[in-house]
Every structure is written in structure tokens, then in C-alpha cells.
Chemist: 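Pasting a structure below so you can have a look.
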Amino acid sequence: MDMSLQGPVEIQFLKERGYVRKRCPICGEYFWTLDPDRETCGEAPCEPYSFLGKAISEKSIEQVREDFLSFMEKRGHTRINRYPVIARWRDDLFLTSASIVDFQPFITSGLVPPPANPLTISQPCIRLKDVDKVGPTMGRHLTIFEMMAHHAFNSKERWVYWKERTVELFHEYATEVLGIPEEEIIYKEGIWEGGGNAGPDLEPIVRGLEIATLVFMEYKMVNGKYVPMDTKVVDTGYGLERITWLLNGSPTGFHAVYGKLVDDFMSLFGVGRVDDKFLMEYTKVSSLLRELEKGKSVNSLRREISKRTGIPLELIEDKIVPLELTFAVLDHTKALAFMLADGLVPSNVNEGYLGRLLIRRTLRILKQLGVEISLSELVSKQVDYWSSKGFPELKESIDRITDMLDIEQKRFEELLRRGRQLVRDILRSKKRVSEEDLVVLYESHGLTPEFVAQVAKEEGYEVKVPDNFFELIAAKHESKPPKPPELPDYVDELMKYSPTKPLYYQNPYLLNASAQVVGVIRGNGVILDSTVFYPEGGGQPSDVGYISWDGGSAYVERVEKYKGVIVHWVKGEAPPVGTKVSCQVDRIRRLNRMRHHSATHVILEAAKRVLGSHVWQWGAQKGDEVSRLDITHYKPITPDELRRIEEIANEAVMRNIRVNTFWLTRTEAEKRYGFEIYQGGVVPDPTLRIVEIEGYNVQACGGTHVIRTGDIGYIKIWRAKRIQDGVIRLEFSAGMPAVRKMIGMHEELKKVSSSLGVPEERLSDSIAELKEELKKLKSKLNELKGFELRSLISSALEKAEVVSGIKLAKVLVSDDYQLDEVVKKADKLLEESTAVVIIRDSGNRYNVALLTSEDIKGRVKAGSLIREITKSLGGGGGGNDKLGRGAIPREKLEEFLTKLRDSLIKR
RNA sequence: GGGCCCGUAGCUCAGUCGGUAGAGCGCCGGCUUUGCAAGCCGGAGGUCCCGGGUUCGAAUCCCGGCGGGUCCA
């Protein structure tokens with residue numbers, strides 16, 4: 001922590017009202033209070049909750065929210081709609097964890113104007129960090145909560161308000177809107193850090209509960225140190241759930257937030273009601289447990305609570321544990337409703353993984369409760385509940401949410417089924433489960449140690465789970481920090497030049513133009529004042545072409561752009577600095593790439609329309625002939641869906657829609673089009689280039705595009721395949737490559753059709769028949785070969801010579817037979833005291849095998865015998881006692897047989 | 001983005017040291033049984049994921065790819 005962040009937070013407004021600064025003897029933190037005799041900071045666990053059972057007003061959660069927002073509106077703030085809980089506009093975060101996340105990094109740094117200033121918002125936030133505490137803290141911790149906020153962004157040009165006004169606004173809200181007597185408000189001092197910003201803060205405490213955080217963001221992280229920011233940001237966060245709980249004074253926070261859902265879920269799960277007074281007592285005591293903050297095991301804490309309250313431990317475990325689990329389910333299912341409605345696709349990577357984590361955690365809790373109920377049913381209840389409490393948009397996605405959850409639940413049950421078997425197998429073979437086994441079961445199969453121990457117990461084994469299990473796991477993942485992207489070493493040289501004027505943006509069909517050479521780096525990196533060459537970017541490869549000038553010309557292989565400076569890497573001699581040159585872009589390749597790029601946007605939109613709004617671009621690669629578009633989706637695409645996507649895409653082409661490209665500030669673009677513009681990833685610039693297919697699709701994109709969709713030509717999607725859990729790759733072609741490939745394929749089809757003498761539309765049936773026939777013929781052939789082998793071997797056995805009591809038969813076969821099949825057949829026909837030597841002609845050498853009957857295998861030891869003999873003849877071989885195999889040079893056959901006979905005599 | 005595990009009959013999976021690819025369930029036929037459940041005998045069914053390498057010989061060892069699972073950030 002930077003020293004400059006410490007020090008008293010002095011607010012004139014509070015001083016004037018008689019607030020004095022004190023230090024809490026328990027937690028050691030500073031706070032402001034009206035009561036000169038007060039000793040502690042008043043926040044649990046320094047002091048217990050005192051609001052339980054003392055309702056201030058019985059306002060519903062949506063009323064509390066509305067009161068706040070309209071109060072702030074009356075005080076000059078503009079109300080802003082909530083952002084998605086998935087932070088699409090951030091590349092450093094998966095989930096929206098605070099209201100300020102909506103405005104980082106460009107608005108807080110002053111590069112982009114805010115959507116309004118000052119503004120007020122109630123932002124649903126998700127934090128999975130404290131997921132273990134959800135339930136045991138009776139409502140203080142939640143994975144999903146609403147952060148109500150008023151933000152002011154102060155710059156030199158426009159100063160809105162700062163510390164004094166912020167505290168005044170809070171104070172007025174708390175006393176007048178909430179009706180809290182001001183002597184009950186304590187302001188605790190603190191320091192807030194997050195998202196690369198920091199600043200001092202005040203945390204208002206009422207009756208033991210922290211209900212808001214008033215942050216004065218004035219520092220930013222630069223090279224690991226905090227330095228003052230040009231802009232000063234008022235970052236407040238009012239806990240809607242906590243405030244509602246405080247006002248209602250209900251036994252737990254869940255009662256205040258989830259209302260009738262609490263009873264609903266409890267009766268669904270068969271969880272018995274707990275007396276309010278008893279529950280309040282429990283909540284109050286648990287608020288005092290500092291250890292809960294430090295992540296000590298919940299079990300040992302229950303023992304502590306039992307000691308302090310005199311409630312028997314059994315009663316706690318009997319009454320409170322099922323209640324805590326129900327609370328966790330209430331919270332998790334709400335979080336899932338928002339995550340999935342906002343487009344999260346469960347998977348094993350990124351935010352999808354977080355979604356799956358929460359889904360599986362909830363399913364485990366339901367198992368623990370012994371409840372057989374589908375997760376989708378519970379989440380549907382949340383959707384119903386919250387769509388009537390200010391989030392009607394949740395309802396739009398209900399079908400998809402249900403579908404996704406049912407699929408996930410099935411997968412999880414399948415996982416447990418397989419896991420059960422796996423644990424049993426380990427127990428069967430090893431009679432125990434080792435620590436390493438636990439790690440493998442967890443990491444490779446997703447089975448928690450608790451599950452393994454449970455299954456083992458059912459099988460009558462005891463498995464000890466090490467206390468530090470997750471430390472063991474963590475240690476294995478203690479890998480190197482991600483390395484920053486490596487910039488080529490010539491970037492410094494490039495930075496000496498001013499940005500190149502990109503002519504390809506003004507007119508994407510302009511393929512030749514003149515320019516002036518302003519520099520040459522590394523001998524063949526040409527920098528021009530302006531260029532028609534498109535540099536690499538947005539999954540679109542760079543242009544190629546020629547630069548020519550009076551006295552020479554050079555082939556442009558590759559074009560790159562760094563911070564606006566474009567460098568053309570040429571093959572051969574570069575033009576001298578100052579030369580006037582003429583640029584010519586390879587027309588066909590540029591057109592192909594442009595068509596493929598625009599086709600990517602068209603197909604993405606078609607996929608969204610067919611599959612749903614959760615479809616998001618995961619990645620894309622544009623080629624000359626074939627391009628790829630990876631999209632998020634939670635189940636395989638059916639052939640029918642794929643055809644509809646293809647049809648919609650081609651319709652969009654034929655409607656010949658106008659494609660507009662223009663620049664907007666991020667705020668303006670987000671306001672106008674939403675976050676769906678960030679399909680190709682987050683663009684790290686304050687201004688965005690927008691590519692709009694009028695009335696069809698809008699994205700932020702830096703590529704070159706056709707000006708009407710008709711220019712794309714035919715779009716053909718070749719196939720869709722799952723490349724990863726939750727991600728599907730579409731491979732397609734557009735324009736002439738698509739047409740040519742389709743013509744080629746049809747020609748091929750015609751050839752097959754005429755060679756089989758079957759009409760094209762009957763080909764697949766006909767081929768299936770042919771395959772069936774082939775199979776029959778093969779098995780007939782094998783049968784015949786078997787007969788032939790049998791007679792071959794039988795006659796060899798009849799003609800066998802006897803060598804020291806062993807019948808030695810000799811079978812010679814052509815390379816039509818595999819050695820294995822001859823050996824197998826011979827083994828079936830073998831009589832007692834018999835050895836068969838099999839010789840297979842394989843061109844330049846013979847494969848040989850010696851097979852003996854069971855009764856003499858110990859005497860002959862075929863494997864070692866063959867090894868000795870083949871080796872002595874310049875070949876190689878080996879095997880077991882019954883069967884030896886090897887190879888010898890062609891000319892050594894007679895010698896081999898002689899040696900074999902001789903050795904048999906010796907044995 | 002990084003790590004680990006897996007890919008063998010229709011299904012679930014064994015396969016040791018590199019040396020004749022197996023089991024259970026399912027399927028087909030026969031027998032037994034009043035019938036059913038079942039039992040007994042026999043049979044069909046394999047691109048050992050794909051490609052390359054090492055080797056006399058690869059399901060097995062090595063390299064690359066594809067597919068699936070899972071954990072972490």
C-alpha cells in the first residue's frame with residue numbers, strides 16, 4: 001500500500017454536525033461518530049447487529065431501489081440502465097463485480113466521456129470470492145447483489161462534486177429517505193483498491209451493519225506505484241440487499257431480499273421452519289465471529305456458536321444447516337438466472353467455467369439436502385420473481401436458461417455416475433485411495449474429495465482427506481505469471497514516425513494510390529505517408545501487392561500496424577526515402593478477404609437469430625478460400641439449424657443491404673448499440689470503428705468491408721463442429737471460392753453417380769448397399785481362407801517329421817496371409833507334442849514363427865529358440881515359450897530349418 | 001490462455017515385459033423350462049481415433065494431429 005493513501009478523511013460537513021474521530025480498540029480502525037462516549041467502530045464483529053427485530057420501515061426491495069434512484073435523480077443525477085453481469089467490455093474481468101466496473105478503464109481515466117455526469121445506477125454484481133460464506137453469514141455475504149451508486153467524474157474541464165457533497169448526499173439519503181436517526185450513523189475510514197485504481201473511503205455503519213462504501217478514487221497504478229489521477233471519481237456503492245435487511249429488521253438478510261421465495265424453497269426442500277427469535281439470536285451471535293471473515297472451517301465455528309449461545313450443537317446442525325444450504329441455493333439460483341440471461345454459456349473455460357462452477361456447487365448442495373428437483377425449476381422461480389422486481393428482461397431467455405440447466409444437470413449426473421465407478425475401481429485394485437489418487441480424481445475427473453470419501457464409505461472404506469487438500473492443488477498450479485505480449489523490437493523505431501494515413505478506410509475498393517516514402521527500417525520495412533494496404537488485424541490477414549516507383553518496384557509481402565504507424569515489408573530493394581511511389585494491392589486476394597470478413601458478420605447475426613442471443617463470437621480467422629467463425633453455443637448445432645443459418649445469411653446477401661462504417665466514442669457506441677458490438681474482442685481504444693449492416697447487425701471492427709452485402713456473393717457453410725465445450729466452429733467460404741468449390745463438388749458427385757450408375761439423389765442409399773455387400777464378401781473370403789489354411793495345416797501335420805519325440809510340421813504360405821491368422825488357425829489344430837514352423841514369404845525376406853503345443857512349450861521355449869536362430873542368421877525375433885516369431889533373410893531359409901531341427905534334437 | 005487424464009466390439013471397460021486382441025452387458029442360433037425370470041452351449045461383431053517414427057514385430061514405446069473429459073487463471 002502506498003503511504004500517500006493513508007491519513008484521516010476529514011469531512012467539514014460531518015465536523016460541523018458534531019462528528020468526532022475515534023479509533024476502535026478492537027479492530028484498530030478510525031471512525032467518525034456523534035456520540036463522544038462511543039468506544040468501538042460499531043461494525044460487526046466489533047459489536048453485534050442491533051437492527052434485528054427492529055423494523056424501521058417494511059419496504060420491499062424494489063421500493064428501496066426506486067427510492068434511492070429517484071432521490072439521486074432529484075439531486076441532479078441521471079438514471080442509467082444496468083449493465084450486463086458479464087463484463088463484455090472488459091478484457092481483464094469476466095463478471096461485473098461493482099458498479100464502477102461499468103466505467104473502467106476509459107471513463108475513469110478521462111479518455112471517454114461518461115454516459116451522464118453525475119449519474120445514478122443500480123448494478124447487479126456477481127462476486128464468487130466469498131461463495132463459501134453465503135448462507136452461514138445469514139445474508140451479509142451474497143454472490144449476487146445490487147450495488148446502488150451515484151458516480152461523479154471530475155476533470156479540470158468539468159468539476160461536478162467531490163468528498164463533501166458525496167457525504168452530504170449519503171447523509172441526507174440515510175436520514176430522510178431511509179429514516180435512520182443521524183446519531184446512529186457511524187462513518188468508518190478505509191482505503192479502497194480495485195481495477196488499477198485506489199483512494200480513501202468512508203464506510204457508513206448503522207446498527208452493526210456496513211450499508212455503503214463512499215470511495216474517493218484519486219490514484220491510479222502506474223508501474224506498480226500509485227500516482228494521482230487527472231480525474232477524480234466519486235465511486236459509491238450502496239448495498240441494496242443490506243439496506244433492505246436493515247429496514248426490515250428480519251431474522252436474516254434472505255428473508256428481506258427473497259420474500260416469499262424463502263418459504264417456497266424451504267417447503268420444496270422439506271426444510272423445517274425455525275423460530276424467528278431463535279434465528280435472530282443465532283444471526284446475532286454469528287455476526288460476532290471474526291473467524292468467519294478469515295475463512296476458518298464452518299464446522300468449528302458452529303461449535304463456537306453453540307458454546308456462546310447455549311444452543312446444543314445437534315440442534316444447530318439439525319435446524320440451521322439445512323437453512324443455510326437453502327439460503328445458498330436461493331442466492332446461487334438468482335446468480336445463475338442473471339448470468340445465463342445475460343448470455344453466459346456454461347463451459348470449461350473463461351466465464352463459462354465460473355457459470356459451471358456455480359451450477360455444480362448448487363447441484364451438490366441439493367444432493368446434500370437430499371432434494372430431487374431440477375435446477376431449471378428453481379432458477380425459473382427466480383426468473384419469475386426478479387422479472388417482477390425490476391428485471392423483466394430475464395423472462396426473454398427463460399427457454400434457453402431451462403434448456404442449458406437441464407443439459408448441465410444431466411452432464412453432472414453422468415459425471416458422478418462415472419466417478420462412482422472410478423472410485424470403486426481404485427478401491428478394488430488398491431484397497432485404498434491415496435492422496436495422489438484424490439488429486440487425479442479432482443483434476444482430471446472433477447470429483448471432490450468429499451464425494452470420493454462418501455463413495456468409499458459406502459463401499460466400506462475410510463478415506464482421509466488431507467486438511468490442506470486445496471493447498472496441494474494450488475501448489476500444482478503455482479505456475480509462471482502470464483507473459484505480456486511480446487512487441488517486436490523494431491516498434492521503437494516505428495514510433496519515431498507519425499501515424500500513416502489509412503486510405504483503405506476511406507474507400508475499401510480503392511486498390512491503388514500514390515504515396516510518399518517517409519522512412520525505411522531494417523532495410524526492407526517501408527513507411528509511407530498514406531497507404532491503401534490493409535495491415536494485419538481483426539483476424540484479417542494483411543494485403544499483399546506491389547510498390548513501384550521511377551526506377552524500380554518491390555513486392556509487398558506483409559503489412560503491420562503499431563500505434564497507427566504502418567510498415568510494409570518488401571521483398572528486394574526498398575525505395576529510397578522521399579521517393580514518390582505508386583501502390584497496387586493484389587486485387588483478388590483483397591476482395592476475397594473483404595468478402596469473407598463481411599460474411600463473418602452476416603453469418604454471426606444469422607446464427608444469433610437461429611440459435612439465440614447467447615451466441616457470441618469466440619474467435620475468427622479470415623482466409624482466401626475458407627474462413628472460420630467460432631461461436632459460443634451450449635449444444636451441437638443440428639443440420640436443420642445449420643441450414644437455416646445458411647439460408648438467413650444468403651438472404652441477407654441477396655437483400656443487398658448497405659454496409660456503413662464510421663467512428664464513435666465508446667460511450668456513444670455502447671449507448672446506441674449495446675455491448676454486442678464487442679464481438680471481435682475488446683478494442684482497447686477510446687474511439688471505436690463501427691461496421692453497421694443497416695438494420696441487420698452492428699459491430700466494432702477495424703477490417704475492410706464490402707459496401708453492400710450483395711458484393712459478398714454466395715455464402716456456403718461447409719460444416720459446424722464443436723472445437724471445445726461451449727464453442728462451435730463454422731467453416732465457410734464466400735464469393736468465388738464458395739462458387740468454385742460447390743461446382744467442383746457437384747462435378748465430383750456427378751462422376752460418382754455415373755460410375756455407380758445411380759442417380760445423384762439415390763447415391764447415399766446405394767453406397768450403403770455396396771458397403772453391406774463388401775462386408776459380406778469380406779467375411780466369405782475369410783471363411784474360404786480359413787478352409788484353405790485348415791487343409792494346408794492339416795496336410796503339413798500329416799507329413800510332419802518326428803524329431804526327438806516332437807512332431808515338427810512345416811507350413812509355407814504366401815503374403816496373402818498374415819502370420820497372425822496362420823498362427824491362430826494352427827493353434828486350433830495342434831495335437832500333443834507338436835511344433836509347427838510357419839514360413840511366410842514377404843519378398844526380400846521370410847517371416848517365420850514357431851508354435852508349440854502346450855505340453856512341450858516348457859521344453860522347447862519357442863521364443864528364445866527363435867531369437868537365437870534368427871539372430872545368428874542376421875535377422876531378429878523373440879516371443880514367449882509357446883510362440884516365437886521373427887524374420888530371416890531370404891537366402892537363409894534352408895539354414896534356418898536345419899538349425900531349428902538341430903536345436904530341437906538338443907532340447 | 002496454461003496444466004493433467006482418456007480414446008480398444010453396439011455399450012461399459014480389461015489388456016502385465018512390445019510377441020495369437022479379451023471380459024461383462026447387448027445381439028443372433030440352439031438346448032433346458034408348462035410359462036416367466038433365468039440358466040447352459042454355440043455364434044456373429046474390431047480401421048485398437050488418425051498420421052509418421054523406432055523395431056523382425058506396435059493397441060502397447062516416441063513425435064505430430066484429431067476427438068472427448070477435467071482443473072486452474
Side-chain angles (χ1 to χ4, degrees), chain A residues 91-95 128-129 347-354 356-357 360 411-412 414-415 417-422 424-425 428-429 436-449 469-470 472-485 618-619 636 681 721-726 729 775-776 778-779 782-783 817-830 836 838-840 842-852 854 857 861-867 869-871 873-890 892 896:
Chain A
D91 53 10
D92 56 340
L93 275 182
F94 293 133
L95 301 171
L128 297 181
K129 200 172 140 270
S347 81
N348 55 2
V349 290
N350 300 356
E351 72 272 4
Y353 176 67
L354 299 178
R356 178 166 288 166
L357 212 66
R360 294 197 169 172
R411 290 177 70 125
F412 183 65
E414 178 62 20
L415 176 81
R417 200 188 57 74
R418 273 205 316 266
R420 199 170 289 276
Q421 197 50 49
L422 229 49
R424 282 192 193 132
D425 286 352
R428 234 202 327 268
S429 62
E436 297 88 82
D437 290 332
L438 283 177
V439 171
V440 171
L441 285 168
Y442 178 69
E443 294 213 300
S444 305
H445 304 284
L447 305 171
T448 59
F469 180 76
F470 285 93
L472 288 178
I473 298 287
K476 281 189 68 169
H477 292 284
E478 237 172 59
S479 49
K480 57 273 166 196
K483 29 183 174 270
W618 182 268
K721 62 171 183 176
R722 252 166 66 108
I723 58 161
Q724 194 192 59
D725 205 8
R729 171 164 297 167
K775 209 169 155 185
K776 276 188 196 149
K778 258 188 182 164
S779 92
N782 273 330
E783 203 182 316
Y817 295 95
Q818 291 300 311
L819 208 50
D820 270 3
E821 50 184 345
V822 186
V823 165
K824 233 170 157 180
K825 202 72 182 177
D827 199 24
K828 279 190 185 145
L829 297 170
L830 221 53
V836 186
I838 300 156
I839 297 141
R840 175 178 179 265
S842 74
N844 56 346
R845 66 177 173 228
Y846 285 105
N847 302 119
V848 298
L850 179 66
L851 177 73
T852 65
E854 278 297 323
K857 74 173 189 190
K861 293 198 190 311
S864 47
L865 188 60
I866 289 291
R867 176 175 300 119
I869 300 175
T870 50
K871 213 166 184 185
L873 297 176
N880 53 32
D881 283 357
K882 189 172 162 58
L883 174 70
R885 293 200 284 193
I888 51 167
R890 194 174 178 84
K892 299 279 174 70
F896 168 76

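Side chains included, hydrogens not; waters and symmetry mates left out as well; all remaining heavy atoms used. Per chain, numbering begins at 1; letters A, B, ... match sequence-line order.
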Chemist: Please give, in whole Å, the distance from B/A58 P to A/Gln818 CD?
Modeler: 10 Å

Chemist: Considering residues at least two apart in sequence or located in another chain, which fulfil the side-chain hydrogen bond (donor to acceptor under 3.5 Å, both in side chains) criterion with A/Lys892?
Modeler: none

Chemist: I need the CD1-C1' distance between A/Ile838 and B/G57, as an integer number of Å.
Modeler: 15 Å

Chemist: Less than 4.5 Å apart, any side-chain heavy atom of A/Tyr846 and any of A/Arg840?
Modeler: no

Chemist: Of all residues at least two apart in sequence or in a different chain, which pass the salt bridge (charged side-chain N to carboxylate O under 4.0 Å, His left out) check with A/Arg729?
Modeler: A/Asp630

Chemist: Return the set of residues passing side-chain hydrogen bond (donor to acceptor under 3.5 Å, both in side chains) with A/Asp820 (not counting sequence neighbours), or none when no residue passes.
Modeler: A/Arg885

Chemist: B/C28 and B/G67: how far apart are their P atoms, nearest whole angstrom?
Modeler: 36 Å

Chemist: Ignoring hydrogens and geometry, is there a side-chain-to-backbone donor-acceptor pair from A/Arg360 to A/Phe412 under 3.5 Å?
Modeler: no

Chemist: Taking atom P of B/A73 as reference, at what distance in whole Å does atom CG of A/Leu128 sit?
Modeler: 11 Å

Chemist: Please give, in whole Å, the distance from B/C56 C1' to A/Arg845 CZ?
Modeler: 6 Å

Chemist: May I have the distance from A/Leu438 (atom CG) to B/C71 (atom C1'), rounded to whole angstrom?
Modeler: 15 Å

Chemist: Taking only Watson-Crick and G-U wobble pairs with both distances under 3.5 Å, what dot-bracket line describes RNA chain B, where [ ] shows pairs that cross earlier ones and | shows pairs with another strand?
Modeler: (((((((..((((.....[..)))).(((((.......))))).....(((((..]....)))))))))))).

Chemist: Applying side-chain contact (heavy atoms from CB on, under 4.5 Å) to A/Ile869 and A/Val848, what does each step give before you reach the verdict?
Modeler: CA-CA 11 Å; A/Ile869 300 175; A/Val848 298; over 6 Å; no

Chemist: Return the value, rounded to whole Å, for the distance between atom OH of A/Tyr846 and atom P of B/C56.
Modeler: 19 Å

Chemist: Between B/G7 and B/C50, how far apart are the two C1' atoms, rounded to whole Å?
Modeler: 11 Å

Chemist: Taking atom C1' in both B/U34 and B/C41, what distance in whole Å separates the two?
Modeler: 23 Å

Chemist: Sticking with atom P, work out how far B/G51 lies from B/A37, rounded to a whole angstrom.
Modeler: 45 Å

Chemist: Given the P atoms of B/A21 and B/C40, what is the spacing between them in whole Å?
Modeler: 28 Å

Chemist: Quantified in whole Å, what is the P atom distance between nucleotide B/U55 and nucleotide B/A9?
Modeler: 30 Å

Chemist: Partners of A/Lys861 by salt bridge (charged side-chain N to carboxylate O under 4.0 Å, His left out), sequence neighbours excluded?
Modeler: A/Asp881

Chemist: Using the C1' atom on both, measure B/A38 against B/C25 and round to a whole Å.
Modeler: 15 Å

Chemist: So if I define the base as every atom that isn't primed, P, OP1 or OP2, how would nucleotides 14-21 of chain B read as a B/S/- string at a heavy-atom cutoff under 4.0 Å?
Modeler: -----BBS

Chemist: Where each residue is assigned the nucleotide of RNA chain B containing its nearest heavy atom, which of A/Trp618 and A/Ala887 is assigned the position nearer the 5′ end?
Modeler: A/Trp618

Chemist: By nearest nucleotide on RNA chain B, pick out whichever of A/Asn847 and A/Arg356 is the more 5' one.
Modeler: A/Asn847

Chemist: Heavy atoms under 4.0 Å, any strand shown: does A/Arg840 hit a base, just sugar-phosphate, or nothing?
Modeler: nothing

Chemist: When rounded to the nearest 0.5 angstrom, what is the spacing between CD in A/Glu821 and CD1 in A/Ile838?
Modeler: 11.0 Å

Chemist: Quick one: CG on A/Asn847 to CD on A/Gln818, what's the gap to the nearest 0.5 Å?
Modeler: 8.5 Å

Chemist: Could you work out the separation of B/G35 and B/G30 based on their P atoms and round it to a whole Å?
Modeler: 15 Å

Chemist: For the pair A/Lys882 (side chain) and A/Thr852 (backbone), establish whether a donor and an acceptor sit closer than 3.5 Å, ignoring hydrogens and angles.
Modeler: yes

